[in-house]
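Report on the following structure.
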Amino acid sequence: MFKTFQFTGKCMIGCALALIMVVLSGNARAQSYTVLHDFTGPPADGVTHGEGVIADGAGNLYGTTYFGGSKDCYCGVVFKVATDGTETALYEFKGGGDGAGPLGGLVADQMVNLYGTTQYGGGTGCTGGDFAGCGTIFKLEPDGTETVLYSFGDGSHGASPQGALIEDTAGNLYGTAYHGGAKGDGTVFRLASDGTFTVLHSFKGGTDGSNPAGGVIADAAGNLYGTTINGGNHSLGTVFRISAGGGEKKLYSFAGSPKDGANPAASLFLDASGSLYGTTELGGFGGYGTVFKIAPDGTESVLYSFANSFYGVEGAVPSGGLVADQAGNFYGVTDSGGPTAGGVLYKLAPDGTETVLHTFRIKSNGRDPTGTLLMNTSGAIYGTAAVGGTSNCKQIHDRRNRCGVVFEFHS
């Protein structure tokens, strides 16, 4: 059985998300956008390229940045943003055995121990990219002690994990690796509470799918669901299920423009009826991504197609997942598009009407929002923008010299 979301960021039964859900409490406000933190970059702060934030019961936010931290490594940080806006780098990765480049989000247990993955580090089995190593699964205790629970070694069991983890009531962690495995096309894995690592499925490429970029979600029976960004019948990505018994089934293969989406990169949303919802980065009538639904019988519907151009008002390339309110409206971000091509925060009504709630601008409020949003019970929304903000952090990975932000939005 998987744990219910209770101020921790774990997977929720029914309306499940791999990273974040409707968990915080708060008071309703007039529509407003606020930058809670401007990342300043090395040597003491991060550079945003993470998968959004999770929260504890007090309303403190937690997340990761892919770059930043120690001036000797720039290998990324785990951060906390307190309710008063104070930001703390809880841990700075050093790039060796402890990991480097935490691209996925976090999950927390009842003791507020944080769990996540790094895309690199942990060994020397993989090379290339920004750092060496095939990646790690780590635990971070409230006192800042970091423990590597698993190192992906030579990549034969997976490499470069990018999505967030989920945890069941027994303390087992589940996730995906983008590369590695038997064919090099990625894996779905379980890390048991006793440290035993199991590959639940090794993708074979081709029609089987390849490269799961998002994490997995779970239903009440323990079945896991996720996406691959590549592979499938048309080489444009798949939706898959891993049964509680370990068997893998391809539920859908994306066909691409003009009538279907292409290249899903985020985790899925599961409603109480068993329907799956998600986003594709490309495809659809405009060619710039879709929001889709897969019914329990396997029928796929495109609920919305994004943008006629990168400067279309409605946004383009929805790389993050979806969060829903009690009325059935979905909320998400696009990392491009909008009047400034810097992305938008959008709402999608049950009838398919899209509303742009906020347009991102690099110098004033961040740009290129990433990951799945966090929504509280009053409808306040929290998230991250990968670049932008006002801090001139001068880090080499962003020619625009802006390190990203954590934001809050009230509608």
Side-chain angles (χ1 to χ4, degrees), residues 17 19-20 31 33 35 48-53 103 105 162-163 213-214 227 229 236-237 254 256-258 260-269 277-293 302-325 329-349 352-362 364-375 381-389 398 400 402 404-409 411:
L17 280 175
L19 177 60
I20 44 186
Q31 182 167 313
Y33 176 94
V35 172
T48 299
H49 201 290
E51 275 293 304
V53 291
L103 188 59
Q162 298 183 12
T227 63
I229 195 169
L236 295 174
F254 291 93
S257 297
D260 197 11
N263 308 121
S267 300
L268 297 166
F269 181 94
Y277 300 81
T279 61
T280 64
E281 290 190 324
L282 299 174
F285 288 107
Y288 291 95
T290 68
V291 176
F292 66 86
K293 171 185 177 181
V302 173
L303 303 181
Y304 191 78
S305 290
F306 283 90
N308 294 318
S309 74
F310 278 108
Y311 291 93
V313 174
E314 64 200 279
V317 192
S319 58
L322 299 168
V323 63
D325 63 20
N329 300 298
F330 284 113
Y331 299 81
V333 292
T334 68
D335 65 14
S336 300
T340 64
V344 305
L345 189 161
Y346 66 87
K347 170 185 174 181
L348 186 65
T353 302
E354 191 236 19
T355 304
V356 173
L357 302 177
H358 180 73
T359 298
F360 290 87
R361 297 176 175 83
I362 185 167
S364 60
N365 58 20
R367 183 183 176 99
D368 304 347
T370 58
T372 306
L373 299 168
L374 171 67
M375 178 183 286
I381 292 171
Y382 302 84
T384 57
V387 297
D398 175 21
R400 292 162 288 198
R402 300 290 187 268
V405 305
V406 178
F407 64 83
E408 176 184 43
F409 179 82
S411 61

Heavy atoms only: give me the nearest [X]-[Y] pair and the separation to one decimal.
{"X": "F254", "Y": "A262", "answer": "CB-CA, 4.3 Å"}
{"X": "A266", "Y": "S319", "answer": "CB-O, 3.3 Å"}
{"X": "G237", "Y": "P264", "answer": "CA-CD, 4.0 Å"}
{"X": "S257", "Y": "G287", "answer": "OG-CA, 3.7 Å"}
{"X": "E354", "Y": "E314", "answer": "OE2-O, 2.8 Å"}
{"X": "P318", "Y": "T290", "answer": "CG-O, 3.9 Å"}

Donor-acceptor pair, side chain of [X] and main chain of [Y], under 3.5 angstrom:
{"X": "T48", "Y": "V387", "value": "no"}
{"X": "T334", "Y": "V344", "value": "yes"}
{"X": "S305", "Y": "G286", "value": "no"}

Practice prompt. Examine Y304 together with F330 and report whether their ring centres are nearer than 6.0 Å.
Written response: no

[X] [atom1] to [Y] [atom2] distance, which is reported to the nearest 0.5 Å:
{"X": "L348", "Y": "T353", "atom1": "CG", "atom2": "OG1", "result": "8.0 Å"}
{"X": "D260", "Y": "T280", "atom1": "CG", "atom2": "OG1", "result": "7.5 Å"}
{"X": "T340", "Y": "R361", "atom1": "OG1", "atom2": "CZ", "result": "6.0 Å"}
{"X": "E281", "Y": "I229", "atom1": "CD", "atom2": "CD1", "result": "4.5 Å"}
{"X": "T372", "Y": "F269", "atom1": "OG1", "atom2": "CZ", "result": "11.0 Å"}
{"X": "T384", "Y": "E51", "atom1": "OG1", "atom2": "CD", "result": "7.5 Å"}

Fill in: F360 and its side chain to side chain contact (heavy atoms under 4.5 Å, CB included) partner, picked from D368, V405, N365
N365

Practice prompt. Dump the intermediate steps for side chain to side chain contact (heavy atoms under 4.5 Å, CB included) on L373 and F407, then the final yes or no.
Written response: CA-CA 10 Å; L373 299 168; F407 64 83; 3.9 Å; yes

Worksheet entry | Aromatic plane relationship, H358 with F409 - under 30° parallel, 30 to 60° tilted, over 60° perpendicular | tilted

Worksheet item: Can you check side chain to side chain contact (heavy atoms under 4.5 Å, CB included) on Y33 and L345, steps first, answer last?
Response: CA-CA 11 Å; Y33 176 94; L345 189 161; 5.8 Å; no

